[in-house]
Amino acid sequence: MVVSGLEKMNISFPDGQDAGKITENSLFLLPKGFTIDFAFNENRENYVIVCQIDNLHWNPQTTSNELFLDDFCLAIPRTITLNEENSALMRKIFRQVTELTASALPADAKAGELLAQSILSEFVRHSSDSLPEKIHPAASGMKQAIDGDVNFTYSLNKIMADFPFSPVHLRRLFHQAYHTTPAEYRARKRFSKIQELMSDARLSLKEIADAAGMNNVTHLNSFVKKQCGLTPAQLRKNIKL
């Protein structure tokens, strides 16, 4: 991520061809083999995470970055221009990742990995803006219904019952449109809300469980553990944003 003080940053494809320029207040994601020619002045502020993403590749035919997820391939942007709000949030995330990954504690390292994944998810989210597929109305309607149930009041079966298709067919339509199942999508939405709630130190785990549509704290414990390998207490300890 480049924030300020940039004088130049030119990137090249692995074959040496020009791949464009990086500007300030932007995120960029480069697979192995890319090269960068850059210069900063005294106002330099930038952040770098070096990681191994085995399913991220550069396609020399299309010159695009491709992320392979299960049985499909997603073209994702190399750069994302950030507005002021997103830039501030990403700066916090990068700083937190740096602190956590420098820790010798396994729980901190795991939390750092999770935060780094949230940066990658930003690229995946932007990829959906250019997907050429036509989304079935039932799939988009179900996504809207899941998004609208912000307090997780209704079960997924209840949401599906409002559509004139079988659950099996609905899951197929949803997966074709969004490359994930309704259950997986809803779980990620719920986990995101839990993380947001945990940043409020005034809320007890019982209150967080209730707000996330959980029956009890035991349900919250098992759900969080399944999502990230940490207990709610461990996760909360590492959320400082």
Side-chain angles (χ1 to χ4, degrees), residues 67 69-72 74 76 85-86 89 93 110-111 113-115 117-239 241:
L67 186 66
L69 302 173
D70 296 328
D71 57 349
F72 72 96
L74 193 62
I76 61 176
E85 181 181 357
N86 286 339
L89 175 61
I93 292 176
K110 184 64 176 180
E113 290 179 11
L114 289 171
L115 281 176
Q117 289 174 19
S118 72
I119 299 172
L120 179 60
S121 70
E122 187 71 10
F123 287 90
V124 174
R125 185 177 70 82
H126 277 73
S127 72
S128 63
D129 297 339
S130 58
L131 286 177
E133 324 171 33
K134 183 178 180 180
I135 297 176
H136 194 284
S140 61
M142 185 159 54
K143 181 178 181 296
Q144 290 174 7
I146 293 173
D147 291 342
D149 186 23
V150 294
N151 294 319
F152 301 90
T153 304
Y154 305 105
S155 69
L156 197 55
N157 286 337
K158 171 62 178 173
I159 292 174
M160 286 182 163
D162 292 335
F163 296 89
F165 297 99
S166 70
V168 171
H169 189 53
L170 280 171
R171 282 192 288 269
R172 184 180 300 115
L173 291 174
F174 195 93
H175 193 278
Q176 287 174 349
Y178 302 109
H179 310 297
T180 188
T181 67
E184 290 168 344
Y185 177 71
R186 194 166 196 245
R188 286 195 292 272
K189 295 278 292 184
R190 193 193 297 267
F191 185 57
S192 178
K193 177 161 188 173
I194 289 171
Q195 289 177 293
E196 179 183 346
L197 292 168
M198 283 187 172
S199 66
D200 187 343
R202 297 169 298 177
L203 296 177
S204 67
L205 291 182
K206 177 64 169 62
E207 290 172 318
I208 292 173
D210 290 341
M214 303 287 193
N215 295 327
N216 47 54
V217 174
T218 300
H219 188 189
L220 176 69
N221 286 337
S222 60
F223 177 80
V224 171
K225 188 78 172 179
K226 181 178 180 180
Q227 292 299 311
C228 67
L230 302 174
T231 67
Q234 290 172 324
L235 180 62
R236 186 171 219 174
K237 179 182 176 181
N238 289 292
I239 294 178
L241 298 178

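Along the sequence shown, residues carry numbers from 1.
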| H136 ring center near F163 ring center (under 6.0 Å) | no
| field | Heavy atoms of other groups near Y154 OH, more than 12 under 6.0 Å | value | no
| task | Would you kindly say whether R188 and S121 are connected by a side-chain donor-acceptor distance under 3.5 Å? | result | no
| task | Measure from the side-chain N and O atoms of R171 to the backbone N and O of T181, and report whether any donor-acceptor pair falls under 3.5 Å. | result | no
| request: Determine yes or no for a side-chain-to-main-chain donor-acceptor pair under 3.5 angstrom, with S118 supplying the side chain and L115 the backbone. | output: yes
| message | Closer than 4.0 angstrom, basic N to acidic O: yes or no for R186 and D149? | response | yes
Less than 4.5 Å apart, any side-chain heavy atom of [X] and any of [Y]?
| X | Y | answer |
| --- | --- | --- |
| Q227 | L235 | no |
| N157 | P167 | no |
| N151 | K193 | yes |
| P232 | I208 | no |
| R190 | M214 | yes |
| M198 | L203 | no |

Distance in Å, [X] [atom1] paired with [Y] [atom2], rounded so as to fall on 0.5 Å steps:
| X | Y | atom1 | atom2 | result |
| --- | --- | --- | --- | --- |
| L197 | D210 | CG | CG | 10.5 Å |
| T180 | Y185 | OG1 | OH | 9.5 Å |
| Q144 | S140 | CD | OG | 5.5 Å |
| K206 | L220 | NZ | CG | 10.5 Å |
| I146 | F152 | CD1 | CZ | 9.5 Å |
| N221 | L230 | CG | CG | 12.0 Å |

| query | Nearest heavy-atom pair of M142 and P182: which atoms, and what distance? | reply | CE-CG, 3.7 Å
| query | For F165 and A138, which heavy atoms make the closest approach, and how far apart are they? | reply | CE1-CB, 3.7 Å
